[in-house]
Enquirer: 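Got a structure here, written out as structure tokens. Questions coming.
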Amino acid sequence: MAYDRKHTDKSQDLRKITAGLTLLGGSWASTAWAQTAQDTPAQAWLAALGFSLVSLVIAGTLLVAARFLRVRARQDSPLKTRPYECGEEPLGETRIQFHPRYYVVALFFVLFDVEAAFLFPWAVVVKRMGGAGLVMVGSFLGILLLGWLYALRKEALRWQ
Amino acid sequence: MDLIQHGFLRGIAYGLLIITVVMTATAWGMWLERKIAAQMQNRMGPMFVGFHGLLQPVADMLKLLQKEDILPAGADDWLFNLAPILTALFAIATAAVVPWSAQIVASDLDVGLLWVLALGGIMVVPVWMAGWASNNKFALIGGMRAVAQSVSYGVPLVLTSMVAVVFTGTMSLSGIVQFQMAHGWLIYWPPGPGIIAFLLFYMALLAESNRIPFDIPEAESELVAGISTEYTGMKFGMFYVAEYVHTMVGSAIAALIFLGGWDGPFHWLPGLHWMVAKTVILFVSVYWVRWTLLRFRSDQLMRLCWLYLVPMSLALLVFAAVWVTYFAA
């Protein structure tokens with residue numbers, strides 16, 4: 001096939017192809033609503049709320065649709081609703097007591113998550129706070145590290 | 001246009017568009033995973049419904065919709081029914097703040113990253129709800145394991161994304177991408193901590209979305225199906241979809257905060273394509289890992305997290321802070 005460089009610029013062709021693909025990909029929104037980037041926080045929160053509402057509605061709709069479309073047995077049998085334990089008769093209580101190691105994990109989680117909650121505001125302004133902020137957060141993390149080492153020595157981090 | 005000014009309406013309009021696209025992409029993501037898994041095991045995968053099984057997701061969906069809805073004896077019906085809805089809600093709502101390109105973003109929150117992490121963290125509530133309400137031992141143990149794993153790996157996930165916040169000085173996802181467009185992607189600049197943070201984030205992401213090697217909560221050889229053991233029909237389908245959406249949005253977040261989001265090495269390709277390409281590559285890599293590796297034991301999981309990932313991500317955080325304070329331009 002003859003390819004005339006004078007009349008067709010290769011990059012322009014590519015641009016046409018990608019423009020077509022973009023249209024297919026649904027980025028028509030980018031031209032229609034190009035202002036999104038300059039949202040006020042209130043607008044952004046409202047938008048996030050609207051988005052969550054749609055996800056809730058979609059999740060609900062699927063369940064409601066299933067309610068209308070589902071098949072139902074003519075006769076109910078108590079065997080059907082019995083908890084599944086690979087065909088064995090369920091034995092004893094289901095809601096049993098748990099190994100305390102789960103409790104230890106929960107404690108650690110609370111500790112480190114609260115730490116993260118304290119660190120996030122600092123993480124945004126690290127540069128502005130400079131050396132002083134570094135010393136403050138460093139000592140905070142140092143204390144946390146001591147706690148972590150203590151837990152390590154006590155073998156609390158091990159899952160026996 | 002009035003729609004732009006009114007955040008709520010725009011959220012709804014974008015929600016309808018983005019959720020439809022994400023859910024459709026997820027459905028065929030499942031097909032893609034089955035095909036990849038089949039190729040890895042020298043099988044064909046789905047072949048009968050449509051060309052090379054392309055209509056399989058539709059068939060699966062129709063089948064799930066028609067299944068009988070069984071409430072196990074002794075189950076807590078309120079919690080049992082609420083859990084799948086909440087799981088799907090939290091998984092999908094995460095996508096609200098994901099900027100798919102410079103313009104395509106439903107809600108450009110100034111604390112977008114926090115929104116994502118908060119919704120990811122709150123996911124343990126419906127998971128435990130399902131585990132508790134099912135009145136099934138497999139579900140209960142699976143729920144317990146899932147909660148323990150998810151809260152543990154939440155810590156390195158939060159800390160490594162905080163590394164990105166420290167480097168860029170903003171929690172807005174598009175702000176993070178704009179910083180990377182100006183200063184280079186975080187995965188290679190500054191050299192070293194970025195790629196380590198990315199790898200840690202990726203591992204924590206695998207654990208958060210219950211993927212092999214971190215899928216002990218639903219280890220099918222010992223727990224049948226974990227929390228979803230007693231769920232039938234569409235309720236099971238919601239857990240399934242939520243898991244895939246979670247993985248998909250998680251890949252998008254990883255692409256945004258470490259791989260430059262919609263930025264690409266050349267600019268004749270629009271931002272949306274770069275963003276989608278990065279997300280899909282990460283999404284597929286999750287399945288590559290899934291079908292390659294074996295499952296960790298519970299104790300190995302916990303040791304890996306608390307003995308290695310948490311201190312490493314804390315060290316990275318300190319390094320990032322020192323770099324930003326004294327060395328960054």
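In this text the structure is predicted, and so the values were computed from the model without any measurement.
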Enquirer: For a quick test of reading the model, state the closest non-hydrogen atom pair linking A:V105 to B:A148 and the distance between them.
Expert: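 Scanning both residues, the minimum pair turns out to be CG1-O, 3.9 Å.
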Enquirer: Once you round to the nearest 0.5 Å, how far does CZ of A:F98 lie from CD1 of B:I141?
Expert: 6.5 Å
Enquirer: If you take all heavy atoms of B:S107 and A:A44, which pair is closest and at what distance?
Expert: OG-O, 2.6 Å
Enquirer: Which answer fits B:R297, side chain, backbone, both or neither, if we ask what part of it has an atom under 4.5 Å from a heavy atom of chain A?
Expert: neither
Enquirer: Name the region of A:L141, side chain, backbone, both or neither, that has any atom closer than 4.5 Å to a heavy atom of chain B.
Expert: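 For A:L141, the side chain is the part near chain B, not the backbone.
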Enquirer: Report which part of B:S174 has an atom under 4.5 Å of a heavy atom belonging to chain A: side chain, backbone, both, or neither.
Expert: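 Contact with chain A is absent: no heavy atom of B:S174 under 4.5 Å.
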Enquirer: Please list, chain by chain and in numerical order, all residues satisfying ring pair (Phe, Tyr, Trp, His ring centres under 6.0 Å) with B:Y153, sequence neighbours excluded.
Expert: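 Expected list: B:F214.
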Enquirer: Write down the atom of A:A59, the atom of B:M238, and the distance for their closest heavy-atom approach.
Expert: O-CE, 3.6 Å
Enquirer: Return yes if some donor-acceptor pair links the side-chain N/O of A:W148 with the main-chain N/O of B:W306 below 3.5 Å, else return no.
Expert: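 Pair found, side chain donor or acceptor close to backbone of B:W306.
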Enquirer: Given a strict heavy-atom distance threshold of 4.5 Å, which part of B:I18 is in contact with chain A: side chain, backbone, both, or neither?
Expert: side chain
Enquirer: Who in residues 64-72 of chain B is close to chain A, using a strict under-4.5 Å heavy-atom cut-off?
Expert: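 Contacts with chain A: B:L65, B:Q66, B:K67, B:E68, B:D69, B:I70, B:L71, B:P72.
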Enquirer: Name the region of A:R67, side chain, backbone, both or neither, that has any atom closer than 4.5 Å to a heavy atom of chain B.
Expert: side chain
Enquirer: What part of B:A91 gets within 4.5 angstrom of chain A, counting heavy atoms only: side chain, backbone, both, or neither?
Expert: neither
Enquirer: Is it the backbone or the side chain of B:N136 that comes under 4.5 Å from a heavy atom of chain A, or both, or neither?
Expert: both
Enquirer: Where on B:V158 is there a heavy atom nearer than 4.5 Å to chain A: the side chain, the backbone, both, or neither?
Expert: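 Both backbone and side chain.
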Enquirer: Residues two or more places apart in sequence or in another chain: which of them pass ring pair (Phe, Tyr, Trp, His ring centres under 6.0 Å) with B:Y240?
Expert: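 If we apply the ring pair (Phe, Tyr, Trp, His ring centres under 6.0 Å) test to B:Y240, skipping adjacent residues, the hits are B:F236, B:Y244.
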Enquirer: Show the nearest heavy-atom pair for residues B:Y326 and A:G131, with the distance to one decimal.
Expert: OH-CA, 3.5 Å
Enquirer: Residues of residues 112-124 of chain A under 4.5 Å from chain B (heavy atom pairs)?
Expert: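 Those residues of residues 112-124 of chain A which have a heavy atom under 4.5 Å from chain B are A:F112, A:E115, A:A116, A:L119, A:F120, A:W122, A:A123, A:V124.
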Enquirer: Search all heavy atoms of A:W45 against all heavy atoms of B:V111 and return the closest pair with its distance.
Expert: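 Reported closest heavy-atom pair: CZ2-CG2, 3.7 Å.
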Enquirer: Nearest heavy-atom pair of A:I58 and B:M23: which atoms, and what distance?
Expert: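 Taking every non-hydrogen atom into account, CG2-CE, 3.9 Å.
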